[in-house]
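Inspection log for the structure reproduced underneath, given as structure tokens.
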4 protein chains.
Amino acid sequence: MPKEVTYTLHVEFGDCDPARIVWFPNFFRWIDAASRHFFIACGVPPWHELEKSHGIIGTPLVDTHAKFQKTASYGDTLQIHASITEWRGKSFVQHYRVTRGDDAIMECDEVRIFAARREGDATGIRAVVAPDEIRRLCE
Amino acid sequence: MPKEVTYTLHVEFGDCDPARIVWFPNFFRWIDAASRHFFIACGVPPWHELEKSHGIIGTPLVDTHAKFQKTASYGDTLQIHASITEWRGKSFVQHYRVTRGDDAIMECDEVRIFAARREGDATGIRAVVAPDEIRRLCE
Amino acid sequence: MPKEVTYTLHVEFGDCDPARIVWFPNFFRWIDAASRHFFIACGVPPWHELEKSHGIIGTPLVDTHAKFQKTASYGDTLQIHASITEWRGKSFVQHYRVTRGDDAIMECDEVRIFAARREGDATGIRAVVAPDEIRRLCE
Amino acid sequence: MPKEVTYTLHVEFGDCDPARIVWFPNFFRWIDAASRHFFIACGVPPWHELEKSHGIIGTPLVDTHAKFQKTASYGDTLQIHASITEWRGKSFVQHYRVTRGDDAIMECDEVRIFAARREGDATGIRAVVAPDEIRRLCE
């Protein structure tokens with residue numbers, strides 16, 4: 001079983017739209033936080049330190065697939081259970097289950113890469129192989 | 001060929017993260033706007049009018065699958081080309097291509113439903129069959 | 001001394017801009033959450049219940065004045081100390097101090113109203129006098 | 001009369017909250033875009049170029065004061081009229097009027113600084129005097 005890390009959040013009034021339910025881009029905001037929180041909880045240093053030591057500036061998304069199962073609204077407390085379910089050389093699959101108590105709210109599978117800057121290109125990035133010591137921390 | 005509607009947006013400084021590229025949840029913010037813009041451009045009334053006439057409060061997401069192809073940053077002008085590529089009774093597939101000139105930036109397929117409120121439940125929603133007159137406007 | 005309620009938050013990567021500091025509109029996002037959290041912590045029911053009992057749909061802003069004292073970045077834990085420092089009939093002043101440990105990060109004074117819908121107008125609102133029982137809970 | 005630059009935006013569904021009006025932090029998102037748009041329209045290079053030539057990484061806020069006059073909702077087209085109304089050595093006052101046709105929606109006065117990085121401090125910033133050539137472009 002891969003390591004699972006849980007991130008807890010409270011849905012706020014401003015996270016909801018005129019239909020009074022969470023406006024869905026906010027789920028991706030929280031999932032991105034849960035992704036970074038996963039690495040921190042596993043003992044991986046923050047990106048600005050990894051940039052100095054490994055040239056890694058973050059783990060940008062390549063592909064994401066989400067299923068929305070139940071709606072959520074303000075006042076709800078949600079939990080995001082994150083794990084890395086597959087390592088693929090220069091990319092990896094990060095899996096998330098969003099729950100409210102026993103309710104399944106959303107499920108998401110992301111393909112992310114470890115990214116370094118491309119030489120002489122302010123915003124260009126390139127994928128690098130996940131360093132072994134980072135991978136070991138996350139398994 | 002299904003009807004295609006283009007939504008144009010300008011990437012702002014605050015849409016970008018410390019890696020100086022668009023923070024990905026913002027793509028979903030724009031895609032949601034492009035989705036609604038598609039219906040408006042096709043002649044479908046805004047949701048608060050449809051709620052009165054058809055009980056429809058919006059088109060919440062059931063499933064979304066996105067591929068990120070190239071990064072974007074502030075100063076970029078992006079175009080989102082939206083179409084409905086499949087009708088499935090109570091749901092439909094909405095397709096988006098995000099481009100910057102000739103560059104493909106992102107692609108996304110969503111399954112959305114036409115949603116009505118569930119009786120006696122403030123935030124519960126249920127799927128309804130797409131009304132024929134709405135479907136005809138979007139094809 | 002007015003009642004003070006503290007709201008704690010963690011600054012995320014996506015809350016920061018290319019200058020690697022919190023993008024300021026996010027402070028207002030958190031302050032709005034701290035405002036609502038203040039009322040909940042004081043025992044005031046959520047807005048959708050107050051709409052049924054008192055016709056009150058929320059406490060929209062009329063005026064806000066913020067001073068930014070120190071920058072914050074991702075990884076920081078911030079606390080927002082909220083209180084109501086003045087009652088003015090149909091409006092009130094809500095005061096916030098945002099701190100990171102001993103550092104003062106931001107200070108903000110808002111004028112808000114208790115709002116009810118205007119008859120026959122989907123988005124129009126009007127100010128109502130703060131109900132006594134709500135005011136007592138917050139002092 | 002100071003130079004005035006107008007920024008146009010369309011309010012989207014997701015910009016609105018359960019009260020069906022613009023959630024106020026979004027006004028600050030747009031005002032920040034209007035601020036940067038003002039400098040670009042005046043001919044000032046983007047921040048990442050100014051960082052190389054002048055060490056300037058942006059114009060962070062020191063103080064903001066906003067008055068909300070009328071609500072706005074999705075479907076509205078808003079205009080933000082921006083100008084610099086005062087130069088104060090290391091800071092300046094940027095003024096905004098947000099309108100919907102003839103309706104005044106919001107007014108805002110900001111104190112901003114031209115910021116450079118503090119030596120040996122990843123997120124620390126310091127104010128620098130506005131370069132003369134930038135100031136001339138904006139008057």
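Computation of the quantities below employed the complete heavy-atom set of this structure, encompassing side-chain atoms and omitting hydrogens, waters and symmetry-equivalent molecules. Here is the naming used below: chain letters follow the sequence lines, and residue numbers restart at 1 for every chain.
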With rounding to the nearest 0.5 angstrom, report the [atom1] to [atom2] distance, [X] to [Y].
{"X": "B:D15", "Y": "D:R29", "atom1": "CG", "atom2": "CZ", "answer": "7.0 Å"}
{"X": "B:F13", "Y": "D:T59", "atom1": "CZ", "atom2": "OG1", "answer": "8.0 Å"}
{"X": "D:L9", "Y": "B:E12", "atom1": "CG", "atom2": "CD", "answer": "10.0 Å"}

- Query: Can you find a heavy atom in the side chain of D:R36 that is under 4.5 Å from one in the side chain of B:Y74?
  - Reply: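 In contact.
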